[in-house]
Amino acid sequence: MKKIFGLTFLSLCILTGTVHAGEKEELIKLRNTTAKLLQLLVKEGVISGDRAQELVKEASKEAAHQVAEEKADKMTNPQSKAEPGEVRIQYVPQFVKDQIRQQVRAELREDVSNDVLGKAKQERWGVPGVTPEWINRIKINGDVRLRAQIDKFADGNAESEYIDYQKVNEEGSATGDVYQNTTEDRRRLRARARIGLKAKITNDFTANIRLATGSGTDPVSTNKTMGSYGNKYSILFDRAYLKFTDLDINDYPWLTFYGGRMKNPFLSTDLVWDSDLAFDGLATTFRYNLSGSDNLFDMDDRRKTLYLTAGVFPLDEVEISSDDKWMFGVQLGGKFISEDSRSTYELGVAYYNYQNIIGRKNAVNGDLLNYTAPDFMQKGNTLYQISNDPLSPDKAPFALASDYNLINLTGRASFSHFAPTNIVVTADWVRNIGYDKQEIIDRTNGAVVVYGGRAGSIENITEEIDGYQIKVVVGWPQITQRYSWRVFGAYKYLESDAVLDAFADSDFHLGGTNAKGFIIGGEYGILDNVSLAARLLSADQIAGGNSSPFGVDVFQLDLNVKF
């Protein structure tokens, strides 16, 4: 080893032989560094002592040659001098260059690796099942449904007896081909696609968006009927709302707020509200835990809950008048779970109040009050002609003759004693306490009045303001797994003015009110998140028909895919 040190020292002396005295400090550093490198190479076994000696000899020869060239250059170029402060090293051995290069690479690699690893650790790259933080705050779900539907009309239905008053208002007159189809069976293929996005803004706030197929003029259906010469489907914002949930010190969600176009915030069934209907406006729910106490063992007991839901929902903002149409709703309810958690009972009492939805008759030959007619209706509600043209008795529009202030009582009981098979029983009752026959007589004042789908005299109509439904479901609570199943049956009775027909179920009796009948069906999971469902809706008209009630059976076969 001493021999190696001597050779190293000798080589460095050769290297320093041509430098000026002011450069010695830098060269001493270089000498020490080179000596340590050679020592390390020999110690680590990278090169042998003999090889190190050969390297020094080669360096000596090359250094001598370099010195000779420099002397010759100075003789031919006497003006070539080193600038003040400049250090000239005529030769650096190749192995020194390689060592320096490797050291620089190692240092750069370490710095870059630390930066990349820090970024990867922050965003959790490459960890199985883990994604960047912003993606974890977003959840996407959706479904696609293919439906085959047959509408089979009763043999005794009268032809060209029931007018489609939605079409009348759109075309401006009750003359022409404006009758509902009551005799020709219809077969359709239909499709529905929905995709929803839920973004968690904070622990309290979420933003919810859902896109769906459907029509911008039909609030109670997202179906698209196939057979329009290959035209593309329209896609609309079916929901767009913010949700805020406030938790108390026990993480109990005592307050929930909704704002925007939201899902139905009330406990309800399709007796009053179609399942596809979204609510525009503001709503909030207050909850009170009846099971809570100061006992630490009871603080998490949430089997008894009272709640109050209230909302305000604009139906039609009228530009030319301050008589905007609104719906105000409030519901007091409770949810109770048995001690063994096998039974759940829920009950809600709601009051829905509509404002400025009654039609107002125009002045003679005027149309300033046409905005009081509904923008959308199905069929069943009592209407009257608000146009006032003596020469055109069939002139549109037709508007609502009655007010609608609803009392709705909804109850639901679930039993899971045979889990995963559940039994769910739902009962629903509604009454329109806003109906006043004498007010309708005074309001219509000799105008054409429509009740039960047909025109007639207001003095002959009867008060049709009640509705009820009972439904039983047996099977799995959710059809998301293969071989999961459920069957159901229901009976529905809904009189003409019990609810606003615009928002009632769009499938039963092909939409609207003034119908009674039963619903039976079932659903089966053929694969995970893939199910096949079928149901039959058989309904007849309650009142208004002269020759026979308008009856129709609707059969639907669905293939559902969820993700």
Legend entry - Donor-acceptor contact present, side-chain N381 to main-chain S496, <3.5 Å: yes

Legend entry - Residues D428, N408; criterion side chain to side chain donor-acceptor pair (under 3.5 Å); working and verdict: CA-CA 7 Å; D428 204 5; N408 183 210; 2.8 Å; yes

Legend entry - Over 12 foreign heavy atoms within 6.0 Å of NZ, K325: yes

Inset, instruction - Check whether the ring centres of F518 and Y491 lie less than 6.0 Å apart, and answer yes or no. - result: no

Legend entry - Residue from I470, L494, V499 passing side-chain contact (heavy atoms from CB on, under 4.5 Å) with L271: L494

Inset, instruction - Side-chain contact test, heavy atoms from C-beta onward, threshold under 4.5 Å: evaluate it for I357 versus L500 and give yes or no. - result: yes

Legend entry - From CA spacing to verdict: side chain to side chain contact (heavy atoms under 4.5 Å, CB included), T245, D204: CA-CA 5 Å; T245 302; D204 301 325; 5.8 Å; no

Inset, instruction - Tell me, please, whether F508 has K492 positioned over its six-membered ring: NZ or CZ under 6.0 Å from the ring centre and within 45 degrees of its axis? - result: yes

Inset, instruction - List the steps and the verdict of side chain to side chain contact (heavy atoms under 4.5 Å, CB included) for I209 and F237. - result: CA-CA 7 Å; I209 296 174; F237 278 96; 3.4 Å; yes

Legend entry - E171 CD: over 12 foreign heavy atoms closer than 6.0 Å: yes

Legend entry - Between E159 and T183: side-chain donor-acceptor atoms closer than 3.5 Å: no

Inset, instruction - Answer yes or no: are there more than 12 heavy-atom neighbours, outside Y288 itself, under 6.0 Å from its atom OH? - result: no

Acceptor/donor pairs from residues 252-265 side chains to any protein atom, 3.5 angstrom cut, sequence neighbours excluded:
residue, atom, partner, partner atom, Å
Y252, OH, T305, OG1, 3.3
W254, NE1, D246, OD2, 3.0
T256, OG1, R287, NH1, 2.8
R261, NE, D238, O, 2.8
R261, NH1, D280, OD1, 3.1
R261, NH1, D280, OD2, 3.4
N264, OD1, F266, N, 2.9
N264, ND2, S268, OG, 3.0

Inset, instruction - Output the distance between atom CG (N208) and atom CG (L242), rounded to the nearest 0.5 Å. - result: 8.0 Å

Legend entry - F418 CZ: over 12 foreign heavy atoms closer than 6.0 Å: no

Legend entry - Pair R535 + D558: basic N to acidic O under 4.0 Å: no

Inset, instruction - Could you tell me whether D553 and K152 make a salt bridge, using a distance below 4.0 angstrom between a side-chain N and a carboxylate O? - result: no

Inset, instruction - Measure the CE-CG distance between M327 and L406 for me, rounded to the nearest 0.5 Å. - result: 8.5 Å

Would you give me the side-chain donor-acceptor pairs under 3.5 Å for residues 306-317, sequence neighbours excluded?
residue, atom, partner, partner atom, Å
Y307, OH, E346, OE2, 3.4
T309, OG1, T285, OG1, 2.9

Legend entry - Separation of K198 NZ from R210 CZ (nearest 0.5 Å): 14.0 Å

Inset, instruction - Not counting sequence neighbours, which residues clear salt bridge (Lys or Arg N to Asp or Glu O under 4.0 Å) with D151? List them please. - result: R188

Inset, instruction - Return yes when atom CG of N231 has more than 12 non-hydrogen atoms of other residues, nucleotides or ligands closer than 6.0 Å, and no otherwise. - result: yes

Inset, instruction - Check ring pair (Phe, Tyr, Trp, His ring centres under 6.0 Å) between F488 and all other residues, then give those that pass, not counting sequence neighbours. - result: none

Inset, instruction - Under the side chain to side chain donor-acceptor pair (under 3.5 Å) rule, collect the residues that match up with D497, sequence neighbours excluded. - result: T382, Y404

Legend entry - Criterion side chain to side chain donor-acceptor pair (under 3.5 Å) on R145 and N223, from CA distance to verdict: CA-CA 9 Å; R145 183 180 70 193; N223 291 310; 2.6 Å; yes

Legend entry - OG-NZ distance between S538 and K516, expressed to the nearest 0.5 angstrom: 11.5 Å

Inset, instruction - Would you sort out whether T513 and Q378 count as a side chain to side chain contact (heavy atoms under 4.5 Å, CB included), showing the intermediate values? - result: CA-CA 8 Å; T513 61; Q378 299 189 81; over 6 Å; no

Inset, instruction - Verify side chain to side chain contact (heavy atoms under 4.5 Å, CB included) between N169 and M377, making sure each step is shown before the conclusion. - result: CA-CA 10 Å; N169 282 1; M377 53 186 171; 3.4 Å; yes

Inset, instruction - Please confirm whether Y493 and Y468 have ring centers closer than 6.0 angstrom. - result: yes

Inset, instruction - Mind running side chain to side chain donor-acceptor pair (under 3.5 Å) on Q469 and D270 for me, showing each step along the way? - result: CA-CA 9 Å; Q469 175 178 266; D270 57 12; 3.2 Å; yes

Legend entry - Y233 side chain near M226 side chain, heavy-atom distance below 4.5 Å: yes

Inset, instruction - Only counting residues at least two apart or in another chain, list the ones meeting ring pair (Phe, Tyr, Trp, His ring centres under 6.0 Å) with W429. - result: none

Inset, instruction - Go through the steps to decide whether S416 and R342 satisfy the test side chain to side chain donor-acceptor pair (under 3.5 Å), and finish with yes or no. - result: CA-CA 5 Å; S416 59; R342 292 185 176 184; over 6 Å; no

